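Let me begin by presenting the structure, written as structure tokens, before commenting on it.
FYI, the numbering just counts along the sequence from 1. These figures come from a predicted structure and were not determined experimentally.
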Amino acid sequence: MNRPVKSEQFLLNLLGQKVSIFPIVEGETIEVGDLVVVNTRTLQASRAKKECGYYAIGRAVRIVADENGVKSVICKDGIFIIDNTNLPEHKILDSDIGRVCYFDGEDSVTLDNINTTKAGEVLNTNENGSVLVRISIGEGSELKW
């Protein structure tokens with residue numbers, strides 16, 4: 001018996017996640033599970049970066065290629081567990097819940113907002129050094145659609 005609700009390709013989205021697809025920057029390698037940002041000028045995707053000029057769109061759930069070999073990444077926004085920065089002066093604490101955090105590299109977030117890419121809203125912190133972050137592609141979007 002086919003159970004479409006259990007399929008990852010089923011369109012029902014109970015968590016309210018938004019799905020997006022962007023072409024991948026030539027030469028960039030994105031894998032399923034990577035945090036992804038897009039360049040605000042070119043709208044091309046790459047792994048999360050600390051540098052400014054990018055916009056967070058979520059985690060990669062699938063990589064696809066067209067007939068010409070041009071790769072694109074399909075992403076979902078939502079709530080993710082991301083590592084906290086190693087820098088004590090920019091570490092995210094319980095008192096920072098509700099604040100905006102920024103990427104400190106491909107797999108970590110920080111409160112440092114100087115020339116950095118916004119990751120999302122801090123929802124919670126964990127003693128093991130991780131942060132619960134909500135990334136929303138539609139909320140306060142800096143992208144020009």
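Other residues, nucleotides and ligands contribute over 12 non-hydrogen atoms within 6.0 Å of the CG atom of Asn128. Annotation for Glu26: atom CD does not count as buried by contact number, only 12 or fewer foreign heavy atoms lying within 6.0 Å. Shown here is Glu89, whose CD atom has more than 12 heavy atoms of other residues, nucleotides or ligands within 6.0 Å.
Note that NZ of Lys91 and OG1 of Thr110 are 9.0 Å apart. Values are rounded to the nearest 0.5 Å. Summarising the geometry, atom NZ belonging to Lys76 is positioned 11.0 Å from atom OG belonging to Ser20; distances are rounded to the nearest 0.5 Å. With values rounded to the nearest 0.5 angstrom, Ile74 atom CD1 is found 12.0 Å from Ile30 atom CD1. Note: Glu106 CD to Lys49 NZ = 7.0 Å, rounded to the nearest 0.5 Å. Here CG of Asp77 is found 9.5 Å from CZ of Arg134. Values are rounded to the nearest 0.5 Å. To the nearest 0.5 Å, atoms CD1 (Ile82) and CZ (Arg59) are separated by 6.0 Å.
Nearest heavy atoms, Gly105 versus Lys50: N-CB, 4.2 Å. Closest approach of Glu28 to Ala45, counting heavy atoms only: CG-O, 4.4 Å. Across every non-hydrogen atom of Thr117 and Cys52, the tightest pair is OG1-CA, 3.9 Å. The two residues Tyr54 and Ser46 make their nearest non-hydrogen contact at CE2-OG, 3.9 Å.
Every residue was checked against the side-chain contact (heavy atoms from CB on, under 4.5 Å) condition with Asn86, not counting sequence neighbours, and none meets it. Residues that satisfy the side-chain contact (heavy atoms from CB on, under 4.5 Å) test with Ser72, not counting sequence neighbours, are Ile21, Pro23, Val64. For the side-chain contact (heavy atoms from CB on, under 4.5 Å) test, residues two or more places apart in sequence or in another chain that qualify with Ser108 are Asp83, Asp104. Judged as a side-chain hydrogen bond (donor to acceptor under 3.5 Å, both in side chains), and not counting sequence neighbours, the contacts of Thr125 are Asp94.
With a 4.5 Å cut-off on side-chain heavy atoms, Val38 and Tyr55 count as touching. When side chains are defined from C-beta on, Asp112 does not count as touching Thr85, because their heavy atoms never get closer than 4.5 Å. Val73 places none of its side-chain heavy atoms less than 4.5 Å from the side chain of Asp34. Ile24 is listed as a side-chain neighbour of Ile63, based on a closest heavy-atom distance under 4.5 Å. Val36 is not listed as a side-chain neighbour of Phe22, based on a closest heavy-atom distance of 4.5 Å or more. Inter-residue side-chain proximity for Asn39 and Val25 is flagged as unmet; no heavy-atom pair is nearer than 4.5 Å.
Asn84 contributes no side-chain N or O that, together with a main-chain N or O of Val131, makes up a donor-acceptor pair within less than 3.5 Å. Panel note: side chain Asn68, backbone Val70; no donor-acceptor pair is recorded below 3.5 Å. The backbone N or O of Val122 lies less than 3.5 Å from no partner atom in the side chain of Arg99, so there is not a single donor-acceptor pair. Distance alone, capped at 3.5 Å, places no donor-acceptor pair between the Asn126 side chain and the Gly129 backbone.
Taken together through direct or relayed side-chain contacts under 4.5 Å among Ile, Leu, Val, Met, Phe, Trp and Tyr, Ile97 and Leu111 form part of one hydrophobic cluster. Following chains of ILVMFWY side-chain contacts shorter than 4.5 Å, one can reach Ile137 starting from Leu43, so the two form part of one hydrophobic cluster.
Residue Tyr102 belongs to a hydrophobic cluster whose other members are Val100, with links defined by side-chain heavy atoms closer than 4.5 Å. In the hydrophobic clustering, where aliphatic and aromatic side chains (Ile, Leu, Val, Met, Phe, Trp, Tyr) are joined below 4.5 Å either directly or transitively, Ile79 groups with Ile81, Leu123, Leu132.
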